[in-house]
J.: 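Could you have a look at this structure, given as structure tokens, before my questions?
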Amino acid sequence: MSSCDDSIFEVSEADAGRRLDHVLRDQLPDFSRARLQALVRASCVEIGACVVQDPGAKVRLGDQVVVTVPPPEPARPAGEPIALNVVYEDAALIVIDKPAGLVVHPAPGNRTGTLVNALIAHCGDSLSGVGGERRPGIVHRLDKDTSGLLVVAKSDVAHRGLAQQFAAHGRDGKLERAYLALVWGISDRPQGTIAASIGRSQINRTKMAVVSDERGQDAVTHYSVLEQYQDRERRGVASLIEARLETGRTHQIRVHMAHTGHPVIGDPVYGSGFKTSAKRLVKDVRSVVEGLERQALHAHCLGFEHPVTGKTLRFESSLPPELSIVRDVLSGAQIAQKN
């Protein structure tokens, strides 16, 4: 008895002389090229009853190729029963509304209690294997203390299709990503574009920073000011903005907004130098803002083309309660102490 699946085909005249991995990619479109190359190196491919371990081997007309695909291996991270806010789910993918405080992927210091651990437990056998392992396919991430919508693949074909869309960053018209952020200060422009390269800070290597084009990667953020909050002297205190990404760099929105002098409220990394802004608030309002234990950044809109059906999917998520409270107090008629 075998739990493996075999695919058998004969090399056509059109494929004769081509690399084995290229032919396999055409014959088995549900698998990534990297996955197929791994199968070859793992002795899972035979040509004419002979095992082949070189993905670059040339095939000949009439060769019979047998690909044995082993069942997905158990996921290396353990599944954990962590509650999830599932917005949408089918056989190919799952969309989650992630709360602040939840790390997406296991890493040093966060080996357990992550979104991946939760998804392994939630999805179980519906994970058909990504890269040969029964695990979810992460195609984009949200920072630990950023909340909002996130899509995860449940199969190789979905993982590849979603990854292509995220790599294009919406330039192909398939992907839409928008964030809401409460930021300090008021921009003199209702909308604009921040185009500034991002790379590792030379002062603090744990942080990202706006750097020269030679040292960083291009990064483009488009923003629109949705609401403005002023004190009784009509001085700008804070704003609610929507940010849309043209690129997807680490901490991009947080870095770009801090670079323009309007850091995200509650950001302990890029907004710590703006704590004096909170001192302009009346005591009760200041206590609410300073009590926020996360950055005020929320992924509120996510749209993409389903990688299997081709259907356009679009989801929206409202500000979570802790950010809505801050927004409400900033919207109050008396938010600053009178001189």
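One-based numbering along the sequence shown.
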J.: Is there a donor in the side chain of Ser317 and an acceptor in the side chain of Asp97, or the other way round, less than 3.5 Å apart?
T.: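 Ser317 vs Asp97: donor-acceptor pair found between side chains.
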J.: Side chain of Gln252, backbone of Val220: donor and acceptor closer than 3.5 Å?
T.: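 A pair under 3.5 Å: yes.
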J.: With rounding to the nearest 0.5 Å, note down the distance linking CD1 in Ile241 to CG in Leu226.
T.: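 Between atom CD1 of Ile241 and atom CG of Leu226 there are 8.0 Å.
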J.: Tyr270 vs His251, test: ring pair (Phe, Tyr, Trp, His ring centres under 6.0 Å). Steps then yes/no.
T.: CA-CA 9 Å; Tyr270 304 102; His251 300 171; 5.5 Å; yes
J.: Counting N and O atoms only, with roles assigned by atom type, does the side chain of Thr247 sit under 3.5 Å from a partner on the main chain of Arg249, one being a donor and the other an acceptor?
T.: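 No; zero donor-acceptor contacts below 3.5 Å.
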J.: Got a donor-acceptor contact below 3.5 angstrom from the Asp267 side chain to the Val269 backbone?
T.: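 Judged by distance alone, yes, a pair lies under 3.5 Å.
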J.: Tabulate below the donor-acceptor pairs under 3.5 Å that side-chain atoms of residues 87-95 make, not counting sequence neighbours, or state none.
T.:
residue : atom : partner : partner atom : Å
Tyr88   : OH   : Asp90   : OD2          : 2.8
Glu89   : OE1  : His122  : NE2          : 2.9
Glu89   : OE2  : Lys154  : NZ           : 3.0
Asp90   : OD1  : Ala92   : N            : 2.8
Asp90   : OD1  : Leu93   : N            : 3.0
Asp90   : OD2  : His306  : NE2          : 2.7

J.: Not counting sequence neighbours, which residues clear salt bridge (Lys or Arg N to Asp or Glu O under 4.0 Å) with Arg171? List them please.
T.: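 Counting only residues at least two positions away or on another chain, Arg171 forms no salt bridge (Lys or Arg N to Asp or Glu O under 4.0 Å).
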J.: Minimum heavy-atom separation for Gly216 to Ser197, with atom names?
T.: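 Smallest heavy-atom distance, with atoms named: C-CB, 4.2 Å.
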J.: Quick one: does any side-chain atom of Gln64 pair with a main-chain N or O of Ile8 as donor and acceptor, under 3.5 Å?
T.: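 Absent.
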J.: Work out which heavy atom in Ala299 is nearest to a heavy atom in Leu142; give both atom names and the distance.
T.: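 In this case the closest contact between Ala299 and Leu142 is CB-CD2, 4.0 Å.
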J.: Is Phe315 close to Cys301 at the side-chain level, that is, under 4.5 Å between some pair of heavy atoms?
T.: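 No, side chains not in contact.
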J.: Is a side-chain donor-acceptor pair under 3.5 Å present for Asp145 with Gln295?
T.: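 No - no donor-acceptor pair under 3.5 Å links their side chains.
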J.: Minimum heavy-atom separation for His298 to Ser147, with atom names?
T.: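 In this case the closest contact between His298 and Ser147 is ND1-OG, 2.7 Å.
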J.: Is it the case that over 12 heavy atoms from other parts of the model lie below 6.0 angstrom from the CZ atom of Arg33?
T.: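 Above 12, so yes.
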J.: Verify whether one side chain among His256 and Thr221 offers a donor that lies under 3.5 Å from an acceptor in the other.
T.: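 Short answer, yes.
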J.: Apply side chain to side chain contact (heavy atoms under 4.5 Å, CB included) to Arg200 and Met208, showing your working.
T.: CA-CA 5 Å; Arg200 287 288 173 188; Met208 308 304 290; 3.6 Å; yes
J.: Using a 6.0 Å cut-off, check whether atom NE2 of His259 has over 12 heavy atoms from anything other than its own residue.
T.: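 Not buried by this count: 12 neighbours or fewer within 6.0 Å.
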J.: Are Arg314 and Glu176 side-chain neighbours, meaning at least one heavy-atom pair lies under 4.5 Å?
T.: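 Contact flag for Arg314/Glu176 side chains = yes.
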J.: Answer yes or no: does atom CD of Glu293 have more than 12 heavy-atom neighbours from other residues, nucleotides or ligands under 6.0 Å?
T.: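 Atom CD in Glu293 is not crowded, with 12 or fewer foreign heavy atoms closer than 6.0 Å.
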J.: Looking at Val66, Val11, Val52, which one forms a side-chain contact (heavy atoms from CB on, under 4.5 Å) with Ile47?
T.: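 Of the listed residues Val66, Val11, Val52, the side-chain contact (heavy atoms from CB on, under 4.5 Å) partner of Ile47 is Val52.
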J.: Looking at His159 and Ala153, would you say the former's side chain and the latter's main chain have a donor-acceptor pair under 3.5 Å?
T.: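 Absent.
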J.: Quick one: does Val151's side chain get under 4.5 Å of His140's, heavy atoms only?
T.: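 Val151 vs His140: side chains touch.
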J.: Which pair of non-hydrogen atoms, one from Ile186 and one from Gly236, has the smallest distance, and what is that distance?
T.: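 That closest heavy-atom pairing would be CD1-CA, 3.3 Å.
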J.: Find out whether Val289 and Ile265 are in side-chain contact, i.e. whether some heavy atom of one side chain is under 4.5 Å from a heavy atom of the other.
T.: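 A side-chain contact under 4.5 Å exists here.
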J.: Do Leu149 and His300 have side-chain heavy atoms sitting under 4.5 Å apart?
T.: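 When only atoms from C-beta onward are counted, His300 and Leu149 do not touch, as no gap falls below 4.5 Å.
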J.: Pair Glu305, Lys311 - check salt bridge (Lys or Arg N to Asp or Glu O under 4.0 Å), show working.
T.: CA-CA 6 Å; Glu305 181 183 282; Lys311 180 181 178 180; over 6 Å; no
J.: With side chains defined as the heavy atoms from C-beta onward, is the minimum distance between Arg294 and Pro320 less than 4.5 Å?
T.: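 With C-beta onward as the side chain, the pair touches.
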J.: State whether the side chain of Ser201 and the backbone N or O of Ile203 hold a donor-acceptor pair below 3.5 Å, judged by distance alone.
T.: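 Yes: the side chain of Ser201 pairs with the backbone of Ile203.
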J.: Can you tell me if Ser224 and Glu242 form a side-chain donor-acceptor pair at under 3.5 Å?
T.: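 On atom types as modelled, these side chains do not qualify, holding no pair under 3.5 Å.
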J.: Tell me, do Leu150 and Val104 make a side-chain contact under 4.5 Å, heavy atoms counted?
T.: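 Yes, at least one pair of side-chain atoms sits under 4.5 Å.
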J.: Is a side-chain N or O of Glu80 found less than 3.5 angstrom from the main chain of Gly113, in a donor-acceptor match?
T.: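 Side chain of Glu80 to backbone of Gly113: a pair is present.
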J.: State whether a side-chain donor-acceptor pair under 3.5 Å links His222 with Gln191.
T.: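 Side-chain D/A pair, His222 to Gln191: absent.
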J.: Using a 3.5 Å distance criterion without hydrogens, assess whether the side chain of Lys98 forms a donor-acceptor pair with backbone atoms of Thr146.
T.: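 A pair under 3.5 Å: yes.
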J.: Do the non-hydrogen side-chain atoms of Val326 and Val288 ever get within less than 4.5 Å of each other?
T.: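 Yes, close enough: below the 4.5 Å cut-off.
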J.: Do Asn117 and Thr112 pair up side chain to side chain, a donor and an acceptor below 3.5 Å, judged on atom types alone?
T.: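 No pair is found: no donor N or O on one side chain lies under 3.5 Å from an acceptor on the other.
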